[in-house]
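Accompanying notes for the structure given below.
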Amino acid sequence: MRVSTPLPLARVLLWACRGGLCAFLGLYTLCAVFNMQLGYQGNANSDLTALVWREFRGDVLRQVARLLTAHTVLGLLAGLLFGLGAWGARAERRARVFLGVFGASLVLALLACLGDIAQHPHLYAATLYERAAWTKAVLLRVSDTGPAPWRAGALLLVAAGPVLACWRALAHRAPAWEGRRLARPLGVVVVGAVVAGLLLAWKPPPAAAPTRSRPNLLILASDGLRPDHLSGNGYPRPTSPNIDRLLREGSQFEQTLIQIPRTGPSWTTLLSGQWAGQHPIRHTMVGPAARATPFPTLATALGEAGWRTAVLSDYAGDIFSRLPLGFAHVEAPAFNFPDLIRQRMLITQVTLLPWTALLPAFFPERQQFPELTDTSPLAASTRRALDDFQRDEAPFALLVFASVTHFPYAAPHPYEGRFLAPGERGPWRFGATPQMEPAPAPPTPSDVAALVANYDAGVLAFDAFVGRTLEDLERRGLADNTLVVILSDHGEHLEESDRGLGHGEHLWGSEALRVPFILRWPGQVAEGRTLSTRARAIDVAPTVLDLLGVPAPARFQGRSLAAQLVPGGAVPEVEDLPALLETDIWFSDRDGQRYQDYRLPYPWLYESMTVDKGTGDIHLKPEWEATVEKAKHRGLYLGRWKLLELPTPQGLRVELYDVQTDPEERDEVSARHPEVVASLRARLQRERSWDIVDRN
């Protein structure tokens with residue numbers, strides 16, 4: 001009878017690598033075949049797909065090569081790990097090695113995927129929710145669990161191979177030469193892993209903060225953060241315990257209004273102290289000429305005065321890498337068409353997504369996922385920045401901009417699902433995004449409830465980030481000499497009646513126009529003070545500069561409100577000045593929303609935008625600039641009134657609201673107050689006098 005003998009190590013590893021490679025390349029093929037549609041946050045268009053393949057075929061093929069390379073590397077690594085286990089188990093047949101490693105690789109991929117789904121379920125909703133009934137069921141079931149059990153299973157599976165190999169080598173069950181040959185590298189790996197773990201776990205105490213004669217500035221902001229969803233402002237859900245602490249220890253302007261409720265133009269107005277039109281960023285999709293035009297900002301003023309300036313952001317902060325906002329150090333994702341192609345191709349590779357976090361430099365487009373707004377990487381970047389600043393005696397000005405409260409409202413575990421109704425399984429269970437075309441059916445009350453719950457989970461996640469950052473400041477001894485500001489670029493419509501979802505398309509209501517403006521600086525800013533003064537977007541930078549003792553640039557049009565923040569004594573009265581408002585570009589001409597009935601028409605995004613072939617930058621076609629500017633809805637807040645001017649094909653429509661008696665702005669009263677309308681329209685024209693000069 002023939003006695004079978006164990007396969008030698010080299011033969012085992014060869015067949016194991018083949019099994020791992022086949023498993024991961026099979027997973028790539030499966031994902032590519034079943035997720036071929038190229039869309040963005042639920043918006044897909046056949047013309048866009050044709051454009052991608054026609055004009056950017058090279059980018060598509062290069063991304064395919066990168067995806068295949070990643071799967072190949074993962075397959076080979078899995079083969080090596082599980083091959084060690086097969087050798088340790090004294091495998092005797094090549095087929096068993098191949099099939100065993102093939103199956104183990106699939107199980108490993110599945111466990112890693114389930115763990116990541118539990119951590120970031122929104123990231124997988126685009127490909128799993130509507131794919132099939134069973135994928136939807138898996139997504140919903142796993143999203144109710146935590147990532148720890150799945151990841152623990154994956155780690156145990158990964159560790160099994162080296163452990164079995166070590167056992168065989170150390171027990172001398174292999175030939176002496178193989179045991180010696182394997183024991184040494186395995187020993188190095190084990191010792192290295194232990195030392196690396198100890199080094200990662202050990203955190204040296206932060207160095208003492210150098211004595212600075214001038215204060216630091218830390219602005220913590222989140223895209224679309226609404227002040228009325230902060231629990232410290234009376235919101236019934238416990239969304240913001242850490243920001244509530246800042247409300248108690250500092251002051252807030254409860255009526256802070258931005259001009260254009262879209263990220264790029266709004267941040268430009270907030271940081272430049274100038275209205276859009278006075279600075280060159282007049283809408284979101286600005287061309288290269290506007291992006292190349294320098295102008296003074298909060299960052300340039302502080303940089304010239306000796307502050308070290310930096311801005312950190314995730315998904316929604318690509319404007320900081322594209323616009324000349326004056327920060328000396330910028331960590332923000334790019335935004336161009338090839339990046340979007342790479343991003344959308346990557347998100348379809350469901351089984352690869354869990355591994356992209358291990359080597360983010362290989363897949364930098366991971367940062368750009370709207371569905372992945374975990375603040376943990378941003379928190380790590382913030383800690384590194386504070387460590388770097390702490391080594392220098394110069395004061396710092398750091399702006400950190402999160403995206404977790406931006407649609408699709410994709411808070412990670414453990415915040416995700418915190419406020420959802422039990423058993424929620426509807427289409428907005430994993431958030432929602434404004435659509436370019438009409439929805440098949442209007443949202444139900446449970447859909448809207450899920451939308452608001454996801455948004456509130458994002459507020460809670462941002463608040464936790466604020467809390468961690470405040471702890472980092474205190475641990476470094478920086479809290480008492482740092483002006484901390486909570487801010488946002490705009491608010492957010494959350495399907496309040498007929499006001500839709502998102503921001504930037506219309507000016508009805510204040511939900512997308514009001515932002516938090518909270519300031520804390522112990523001893524320098526009053527504690528627990530809420531100011532009813534209407535703060536305008538252009539007043540934010542002058543106020544911050546005044547508090548820091550830095551003169552505002554001459555081109556700034558806003559005023560400082562710092563005098564109202566001084567501790568003790570009476571709060572000085574200030575004149576109420578107009579807060580200008582206007583819409584941004586309309587991305588769609590057919591989404592079925594109410595604003596479509598009150599606008600001048602121009603083509604939707606797929607026809608009005610162009611892509612530079614050299615850089616991949618996306619911007620408005622020059623021939624549509626004048627039309628977009630003419631079509632904008634505009635208005636102002638002044639005193640108790642809000643005026644809106646809406647150009648339509650039938651002529652100019654004027655609306656007036658008394659925000660004192662009608663804070664929700666539901667009762668249009670222009671017919672009852674013609675004299676107020678005339679006065680405010682004249683004031684609006686006078687305030688926008690630069691626009692008249694530009695046209696002439």
Side-chain angles (χ1 to χ4, degrees), residues 217 219 221 223 253 256-305 307 309-311 313 316-330 332 397-401 483 485 487-490 504 513 515 517 519 534-548 550-562 577-585 629 632 634 636 687-691 693-694:
L217 171 65
I219 300 176
D223 197 302
F253 290 92
T256 304
L257 296 164
I258 51 84
Q259 181 190 10
I260 300 178
R262 285 261 174 82
T263 300
S266 184
W267 268 118
T268 309
T269 297
L270 286 164
L271 294 172
S272 72
Q274 294 179 290
W275 299 116
Q278 295 173 316
H279 65 69
I281 311 303
R282 305 184 79 150
H283 55 71
T284 296
M285 295 295 179
V286 291
R291 293 200 303 270
T293 303
F295 49 89
T297 67
L298 173 73
T300 60
L302 289 173
E304 291 170 359
W307 268 256
T309 62
V311 59
S313 185
D318 59 87
I319 53 102
F320 292 107
S321 66
R322 295 191 296 128
L323 301 183
L325 296 175
F327 292 92
H329 177 73
V330 177
L398 175 63
L399 167 57
V400 187
F401 183 48
L483 171 60
V485 179
L487 195 61
S488 185
D489 52 344
H490 52 73
L513 301 172
V515 297
F517 185 24
L519 306 97
R534 187 174 285 141
R536 306 168 299 165
I538 60 172
D539 298 331
V540 169
T543 299
V544 170
L545 287 174
D546 194 2
L547 287 170
L548 298 176
V550 177
R555 284 179 58 182
F556 276 26
Q557 301 299 309
R559 61 178 173 180
S560 170
L561 299 173
L577 295 177
L580 301 187
L581 315 167
E582 61 185 76
T583 53
D584 195 63
I585 284 179
E629 194 67 23
K632 283 188 172 193
R634 293 193 171 94
L636 57 75
E687 293 294 328
R688 293 187 55 81
S689 58
W690 80 83
D691 191 41
V693 172
D694 285 351

Nearest atoms (heavy-atom pairs only) where Leu270 meets Ser488: CD1-O, 3.6 Å

query: After noting the C-alpha distance and the side-chain angles of Lys632 and Ile260, does the key distance pass the side chain to side chain contact (heavy atoms under 4.5 Å, CB included) rule?
result: CA-CA 10 Å; Lys632 283 188 172 193; Ile260 300 178; 3.8 Å; yes

- prompt: Any luck finding a side-chain donor-acceptor pair between Asp546 and Ser560 under 3.5 Å?
  reply: yes

Leu257 and Arg536, any side-chain heavy atoms less than 4.5 Å apart: no

field: Step-by-step side-chain hydrogen bond (donor to acceptor under 3.5 Å, both in side chains) determination, Thr269 to His279
entry: CA-CA 8 Å; Thr269 297; His279 65 69; 2.9 Å; yes

task: For residues Phe295 and Thr300, report the shortest heavy-atom separation together with the two atoms involved.
output: O-CG2, 4.3 Å

field: Considering all heavy atoms, the nearest Leu323-Arg291 contact
entry: CD2-CG, 3.8 Å

- line: Closest non-hydrogen contact found for Asp584 with Pro265 is OD1-CG, 3.7 Å

message: Any heavy-atom pair between the side chains of Val540 and Phe253 that's under 4.5 Å?
response: no

- request: Determine, stepwise, if the pair His490 / Asp223 fulfils side chain to side chain contact (heavy atoms under 4.5 Å, CB included).
  value: CA-CA 7 Å; His490 52 73; Asp223 197 302; 3.1 Å; yes

message: Would you say that Leu545 contacts Leu298 through its side chain, given a criterion of any heavy-atom pair below 4.5 Å between the two side chains?
response: yes

field: Whether Ser313 side chain and Ala332 backbone form a donor-acceptor pair below 3.5 Å
entry: no

message: In terms of relative ring orientation, are Phe327 and Phe320 parallel, tilted or perpendicular, with 30° and 60° separating the classes?
response: perpendicular

- request: With rounding to the nearest 0.5 Å, note down the distance linking CD in Glu304 to OG1 in Thr309.
  value: 10.5 Å

field: Side-chain touch Leu580/Glu687, heavy atoms, less than 4.5 angstrom
entry: yes

task: Any chance you could measure Leu271, atom CG, to Ser266, atom OG, to the nearest 0.5 Å?
output: 9.0 Å

query: Would you say Gln278's side chain and Trp275's backbone share a donor-acceptor pair under 3.5 angstrom?
result: yes

- request: Answer yes or no: is there a donor N or O on one side and an acceptor on the other, between the side chain of Thr543 and the main chain of Leu561, under 3.5 Å?
  value: yes

- prompt: Side-chain contact, heavy-atom cut-off 4.5 Å: Leu217 with Val544?
  reply: yes

query: Within a strict 4.5 Å, meaning less than it, do heavy atoms of the Leu483 and Ile219 side chains meet?
result: no

field: For the student: nearest non-hydrogen atoms of Gln274 and Ile538, plus distance
entry: C-CG2, 3.5 Å

message: Using every non-hydrogen atom in the two residues, find where Ala221 and Trp267 come nearest and quote the distance to one decimal.
response: CB-CZ2, 3.7 Å

- prompt: Within a strict 4.5 Å, meaning less than it, do heavy atoms of the Thr263 and Phe401 side chains meet?
  reply: yes

- request: For residues Leu325 and Ile319, determine if any side-chain heavy atom of one lies less than 4.5 Å from a side-chain heavy atom of the other.
  value: yes

message: If I take atom OG1 from residue Thr268 and atom CZ from residue Arg282, how far apart are they, to the nearest 0.5 angstrom?
response: 13.0 Å

task: Identify whether the distance between the nearest side-chain nitrogen and carboxylate oxygen of Arg688 and Glu582 falls below 4.0 Å.
output: yes

